[in-house]
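Structure record follows, encoded as structure tokens.
These numbers come from a predicted model, not from an experiment.
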Amino acid sequence: MRMRAKRHLPERMERCSEIHIKEPESVARGWKNIFCNDNPIHLEIGCGKGGFVTEMARRNPDINFVAMEKDRNVIITAMERTLKEKITNIRFICDNADILENYFLKNECDRIYLNFSDPLPKQGYRKRRLTHERYLSVYKEILKAEGEIHQKTDNKGFFEFSLNSFCNFGFKLKNISLDLHNSGFEGNVITEYEAKFSEMGMPIYRLEAINRK
């Protein structure tokens, strides 16, 4: 069932235009031109309502964050939160990850976050998973050498699939956790889904994949 459109959505989106990148052409000269500085670029694919990216931006004012979310009904909450809290180091893309490479130059991104991506458990949907090799090939292009992908999920099957995908595609893995919240890992920023799943007693799986050119 599709989510009912939020009231006055077009007008609300327009009020967020200063932080909303509407077309790939807007970043043809690179994200440093958008942010007007040379700070590292971190990308979250599937930012949801923005809890993770806004907290990361607050903690790391010297990092530029790009948040991607395909659902306008969801991303509007993240954008309005960013404006309300006067966070200046985030920009948003409301688009599908299938055209991610149109928004980034080669070797432009320092880190990618994949937080609780849809696991798409049916075998026929493998190619649509965000850790399938067709996406990994794009990540490799836009990531710098030694750039990182940080993944979190509650789905064991998806995590195992991702481990194999990263290894088979030449990424180096580190900081693998099968129960993040009981691992002693420091500095974790909890997402909306993460809090929900953790309260249900479900383990959170996490990894870091390093791009080897």
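Looking at every heavy atom in both residues, I75 comes nearest to A67 through CD1-O, 4.4 Å. Residue K6 comes nearest to I76 through the heavy atom pair CD-CG2, 3.6 Å, listed as atom of the first residue, atom of the second, then distance. The minimum heavy-atom distance between Q151 and S162, with the atom names listed, is NE2-OG, 3.0 Å. Considering all non-hydrogen atoms of both residues, W31 and I41 come closest at CB-CD1, 3.8 Å. Contact record, E148 with L143: O-CD2, 3.9 Å, taken as the closest heavy-atom pair. Shown here for P119 and F158, the closest heavy-atom pair between the two residues is CB-CB, 3.7 Å.
In this structure, the ring of H150 has its center less than 6.0 angstrom from the ring center of Y113.
With respect to F104, the side chain to side chain contact (heavy atoms under 4.5 Å, CB included) criterion is satisfied by exactly one of V27, V138, I142: I142.
K196 and D154 are not joined by a salt bridge, as no carboxylate oxygen comes within less than 4.0 angstrom of a charged side-chain nitrogen. Ion pairing of R15 with E80 is absent here, as no side-chain N (NZ or NE/NH1/NH2) approaches a carboxylate O to less than 4.0 Å. Taking a cutoff of 4.0 Å between a charged side-chain nitrogen and a carboxylate oxygen, R126 and E133 do not qualify as a salt bridge. Between E55 and R59 there is a salt bridge, since a side-chain N of the basic residue sits under 4.0 Å from a carboxylate O of the acidic one. Checked for salt-bridge contact, K49 and E192 miss the test: no charged N lies under 4.0 Å from a carboxylate O.
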> How far apart are the C-alpha atoms of D98 and Y135, what are their side-chain angles, what is the distance that settles it, and do they pass the side chain to side chain donor-acceptor pair (under 3.5 Å) test?
Replying inline: CA-CA 8 Å; D98 288 343; Y135 289 105; 2.4 Å; yes
> Is there a side chain to side chain contact (heavy atoms under 4.5 Å, CB included) between F185 and I204 once you walk through the steps?
Replying inline: CA-CA 12 Å; F185 181 84; I204 304 301; over 6 Å; no
>> Applying side chain to side chain donor-acceptor pair (under 3.5 Å) to N188 and E194, what does each step give before you reach the verdict?
In response: CA-CA 11 Å; N188 180 49; E194 185 174 354; 2.8 Å; yes
> Where do H20 and C94 land on the side chain to side chain contact (heavy atoms under 4.5 Å, CB included) test, with the steps shown first?
Replying inline: CA-CA 8 Å; H20 178 204; C94 187; 3.8 Å; yes
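At distances below 3.5 Å, at least one donor-acceptor pair connects side-chain atoms of S137 with backbone N or O atoms of R134. Side chain of N33 to backbone of R29: no donor-acceptor contact under 3.5 angstrom is found. Proximity of a side-chain donor or acceptor of R91 to a complementary backbone N or O of T88 within less than 3.5 Å is detected. Using a distance-only test at 3.5 Å, with no hydrogens or angles considered, a donor-acceptor pair links the side chain of R212 to the main chain of G170. The backbone N or O of N73 lies less than 3.5 Å from a partner atom in the side chain of D71, making a donor-acceptor pair.
The closest side-chain heavy-atom distance from K152 to Y193 is not below 4.5 Å. In this structure, the side chains of T153 and S117 stay at 4.5 Å or more apart for every pair of heavy atoms.
Between the CG atom of L100 and the CE atom of M68 there is a distance of 5.0 Å, given to the nearest 0.5 Å.
Side-chain contact, Y103 with D95: a donor N or O sits under 3.5 Å from an acceptor N or O.
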